[in-house]
Amino acid sequence: MSFGTGSARSFGPNAVLYSFQIKTKDLPAPIFRVQKKVGEKYEDQENATRVSGNLISASPRENQNKDGKTIKSFNLTLQDGNDVYFVSVGYTFIGRNLYNALLALTSFDDIEISLYQSKPKPGKPKTFASVCLRQH
């Protein structure tokens, strides 16, 4: 239904909500920090390197950090059955690569976002946190 009363973000009584945040700092490879909504708060879950579902929303966000600095990001919402995943993607190297890949999609069904550490180029030891977008 595209109209009504109440919350526009109602996913139904059986929905299980998760928050995914990309973490790269001081880690050997990038990960998603995963939290599950229990009652009115989010509780930490096991970290992940991928998330998949149907992309149902993409919206810009602005949050304040502890120092009062504005942090800009995009919030992608994926749904897989009763599970709803809110994926926060910052304006970073990984974010830009993911945004470009999202723009190339012809549909938003059955996508998977994976994080990995790139392999070094021959003769160079440096590797980079990277993202992959697949559609099944």
Side-chain angles (χ1 to χ4, degrees):
M1 178 164 68
S2 60
F3 61 90
T5 61
S7 173
R9 295 199 86 130
S10 178
F11 296 105
N14 298 324
V16 181
L17 308 179
Y18 295 88
S19 168
F20 283 71
Q21 294 178 338
I22 298 172
K23 298 294 180 184
T24 59
K25 191 171 185 172
D26 299 325
L27 296 172
I31 60 165
F32 286 112
R33 177 179 176 228
V34 182
Q35 295 181 308
K36 179 180 178 181
K37 187 165 187 182
V38 178
E40 293 299 314
K41 63 180 183 168
Y42 281 87
E43 295 180 357
D44 287 334
Q45 302 293 301
E46 185 175 329
N47 293 331
T49 57
R50 65 180 180 82
V51 61
S52 62
N54 297 325
L55 181 65
I56 60 172
S57 173
S59 58
R61 293 188 61 174
E62 286 188 10
N63 294 319
Q64 301 289 326
N65 70 3
K66 298 174 198 170
D67 303 325
K69 182 179 177 185
T70 300
I71 306 295
K72 293 183 179 183
S73 64
F74 254 80
N75 195 40
L76 304 175
T77 306
L78 282 75
Q79 187 167 13
D80 185 20
N82 287 328
D83 293 338
V84 178
Y85 310 115
F86 301 108
V87 182
S88 180
V89 183
Y91 291 174
T92 62
F93 176 76
I94 287 179
R96 183 182 67 201
N97 289 340
L98 181 57
Y99 304 144
N100 286 334
L102 286 168
L103 291 172
L105 292 174
T106 56
S107 79
F108 301 114
D109 297 328
D110 204 15
I111 66 167
E112 178 181 274
I113 302 168
S114 302
L115 301 175
Y116 66 97
Q117 193 71 16
S118 68
K119 293 183 179 180
K121 293 187 178 184
K124 306 213 179 201
K126 187 126 175 121
T127 61
F128 299 94
S130 301
V131 65
C132 177
L133 178 69
R134 291 189 176 102
Q135 193 163 32
H136 300 282

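Note: hydrogens, waters and symmetry copies are ignored here, and every other heavy atom, side chains too, is used. Only a predicted model underlies this, so the values are computations on that prediction, with no experimental measurement involved.
- Note on Phe86 and Leu55: separate hydrophobic clusters, where clusters join Ile, Leu, Val, Met, Phe, Trp and Tyr whose side-chain heavy atoms are under 4.5 Å apart, directly or indirectly.
- Ring-plane geometry between Phe74 and Tyr91 is classed as tilted, the angle between the planes lying from 30 to 60 degrees on a 0 to 90 degree scale.
- Pairs passing the ring pair (Phe, Tyr, Trp, His ring centres under 6.0 Å) check and including a residue from residues 47-67, sequence neighbours excluded, do not occur.
- If you take CD on Gln64 and NZ on Lys69, they are separated by 11.0 Å, rounding to the nearest 0.5 Å.
- Sequence neighbours left out, not one pair with a member in residues 34-59 passes ring pair (Phe, Tyr, Trp, His ring centres under 6.0 Å).
- Under the side-chain contact (heavy atoms from CB on, under 4.5 Å) criterion, Glu62 pairs with Thr70, Lys72, not counting sequence neighbours.
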Side-chain donor-acceptor contacts of residues 94-102 below 3.5 Å, not counting sequence neighbours, with atom names and distances?
{"residue": "Asn97", "atom": "ND2", "partner": "Phe93", "partner atom": "O", "Å": "3.4"}
{"residue": "Tyr99", "atom": "OH", "partner": "Val89", "partner atom": "O", "Å": "2.7"}
{"residue": "Tyr99", "atom": "OH", "partner": "Gly90", "partner atom": "O", "Å": "3.1"}
{"residue": "Asn100", "atom": "ND2", "partner": "Arg96", "partner atom": "O", "Å": "3.4"}

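- Taking hydrophobic clusters as Ile, Leu, Val, Met, Phe, Trp and Tyr residues chained together by side-chain heavy-atom distances below 4.5 Å, Val87 does not share a cluster with Leu17.
- Atom-to-atom distance recorded for Arg50:CZ and Phe20:CZ is 9.5 Å, nearest 0.5 angstrom.
- Here the CG-CD distance, from Asn75 to Gln21, works out to 10.0 Å after rounding to the nearest 0.5 Å.
- Listed by chain and residue number, Phe11, Ile56, Val84 satisfy the side-chain contact (heavy atoms from CB on, under 4.5 Å) test with Gln79 (two or more places apart in sequence, or in another chain).
- For Asp67, the side-chain contact (heavy atoms from CB on, under 4.5 Å) partners two or more places apart in sequence, or in a different chain, are Asn65.
- Listed by chain and number, the residues in a salt bridge (charged side-chain N to carboxylate O under 4.0 Å, His left out) with Asp44 are Arg33 (sequence neighbours excluded).
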Show me, pair by pair, the donor-acceptor contacts under 3.5 angstrom made by side chains of residues 107-116, not counting sequence neighbours?
{"residue": "Ser107", "atom": "OG", "partner": "Gln135", "partner atom": "NE2", "Å": "3.0"}
{"residue": "Glu112", "atom": "OE2", "partner": "Ser114", "partner atom": "OG", "Å": "3.2"}

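- Val38 belongs to no hydrophobic cluster, as no Ile, Leu, Val, Met, Phe, Trp or Tyr side chain comes under 4.5 Å of its own.
- Side-chain contacts under 4.5 Å among hydrophobic residues (ILVMFWY), followed directly or transitively, place Ile31 together with Leu27.
- Thr127 is linked by a side-chain hydrogen bond (donor to acceptor under 3.5 Å, both in side chains) to Gln117, counting only residues two or more places apart in sequence or in another chain.
- Residues satisfying the side-chain contact (heavy atoms from CB on, under 4.5 Å) test with Asp83, not counting sequence neighbours, are Val16, Tyr18, Tyr85.
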